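Accompanying notes for the structure given below.
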Amino acid sequence: MEIAGWLGKQHEPYWQAQQQKIEAVGLGQHVNYWGSVDRKAKLEFLDSIDVLCVPTTYAEPKGLFVLEALAAGVPYLQPAHGAFPELHSRVGGGYLFDPENPHELSERLVEALSDIPASRRLGAVGREYIFEHATTDRAAEKLEATLRRLINSASVDRTQADAVRK
């Protein structure tokens, strides 16, 4: 298991307790904590995993980390709350689970890791979506199209108003 992300001082006792549990069952050598990662390390991290799973207990409003994983071709396993159901319905690059059901999380994780080729296909679908629809270039194109529509609409409105005044 690969783990990455910021760990605040207030959470260090929790993390230490989890590490002790992991060691107690003999799995310490199978868990690697990367800490906070810069861009280079994040790309290395994403390249090292088969599935991204961040089982948030809160309704994550953005899910940027899922978009980053998909851009790297990594499928996700996320709770069906917050931004994830909408993202999943648009992209379909991973799996969702009921956030109130830890057993379902385990089942979905086994499913995702038992068929790596299928999971990779989902990651590829997600990557394709990201590069077609979620790049800054695509966002700029959409903004330009919206502004052109608004300008054209305003021009038509002004022409109609001028015609009425005459």
Side-chain angles (χ1 to χ4, degrees), residues 1-8 11 31-102 104-162:
M1 177 172 9
E2 302 292 326
I3 303 170
W6 177 77
L7 178 65
H11 300 296
V31 176
N32 182 30
Y33 175 56
W34 293 60
S36 292
V37 290
D38 60 13
R39 184 178 190 281
K40 182 178 184 274
K42 185 183 295 185
L43 293 173
E44 291 172 11
F45 171 78
L46 290 170
D47 192 47
S48 76
I49 62 175
D50 294 309
V51 176
L52 177 80
C53 182
V54 184
T56 61
T57 55
Y58 58 91
E60 167 65 40
K62 299 177 207 156
L64 180 60
F65 50 87
V66 170
L67 298 176
E68 291 172 330
L70 289 172
V74 177
Y76 56 82
L77 171 58
Q78 290 303 119
H81 63 191
F84 305 126
E86 179 185 348
L87 179 67
H88 183 71
S89 71
R90 283 188 288 139
V91 180
Y95 309 88
L96 294 178
F97 67 91
D98 177 354
E100 301 299 320
N101 187 343
E104 185 178 338
L105 167 59
S106 298
E107 288 174 345
R108 291 293 202 160
L109 191 55
V110 167
E111 176 185 341
L113 295 175
S114 294
D115 192 350
I116 295 298
S119 292
R120 288 196 175 133
R121 284 191 296 276
L122 285 174
V125 165
R127 180 178 167 82
E128 184 177 322
Y129 176 88
I130 294 299
F131 284 98
E132 272 187 38
H133 302 284
T135 65
T136 53
D137 287 344
R138 185 69 179 124
E141 290 168 5
K142 288 179 181 178
L143 176 60
E144 179 183 19
T146 299
L147 292 173
R148 287 189 189 284
R149 278 194 307 275
L150 289 171
I151 290 167
N152 290 339
S153 176
S155 296
V156 168
D157 290 347
R158 267 189 251 115
T159 302
Q160 289 173 346
D162 289 344

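Just so you know, these numbers come straight off a predicted model, no measurement behind them.
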Residue pairs meeting ring-ring contact (aromatic ring centres under 6.0 Å, His included), one or both in residues 108-127, sequence neighbours left out, come to none
Rounded to the nearest 0.5 angstrom, the CZ-CG distance for R108 and L77 is 8.0 Å
> For the side chain of S153 and the backbone of L150, is there at least one donor-acceptor N/O pair under 3.5 Å apart?
Replying inline: no
- Task: Please determine, by modelled atom types, if Y76 and H88 share a side-chain donor-acceptor pair under 3.5 angstrom.
- Result: yes
- prompt: Taking atom types as modelled, is there a side-chain donor on T146 or R149 under 3.5 Å from an acceptor on the other?
  reply: yes
To the nearest 0.5 Å, atom CG of L96 lies from atom CD of E104 at 9.0 Å
So CH2 of W34 and CD1 of I49: to nearest 0.5 Å the spacing works out to 9.5 Å
side-chain contact (heavy atoms from CB on, under 4.5 Å) test vs F97 passes for just one of P79, P102, S106, namely P79
Closest heavy-atom pair, Q78 versus V66, reported as atoms and distance to 0.1 Å, is CG-CG2, 3.8 Å
On a heavy-atom basis, the closest approach of G63 and F84 is CA-CE2, 3.8 Å
One should read off an interatomic distance between I130 CD1 and L70 CG, to the nearest 0.5 angstrom, of 5.0 Å
key: Under 3.5 Å: donor-acceptor pair, side chain of H81, backbone of Y58   = yes
Here the pair of heavy atoms bringing Y33 nearest to S36 is OH-N, 4.4 Å
Charged N-O contact under 4.0 Å between K42 and E68: yes
Between S119 and P75, the two heavy atoms sitting closest are O-CG, 3.2 Å
So CD of E2 and CG of D47: to nearest 0.5 Å the spacing works out to 11.0 Å
V74 and R127: side-chain contact (heavy atoms from CB on, under 4.5 Å), yes or no, with the steps?
CA-CA 8 Å; V74 177; R127 180 178 167 82; over 6 Å; no
Correct closest heavy-atom pair for A112 and I116 would be O-CD1, 3.9 Å
Quiz item: Does the gap between the ring centers of H133 and Y129 come in under 6.0 Å?
Solution: yes
One should read off an interatomic distance between E144 CD and I151 CD1, to the nearest 0.5 angstrom, of 9.5 Å
Heavy-atom side-chain proximity of R138 to T135 below 4.5 angstrom
yes
Tightest non-hydrogen contact, residues I3 and V31, listed as CD1-CG1, 3.9 Å
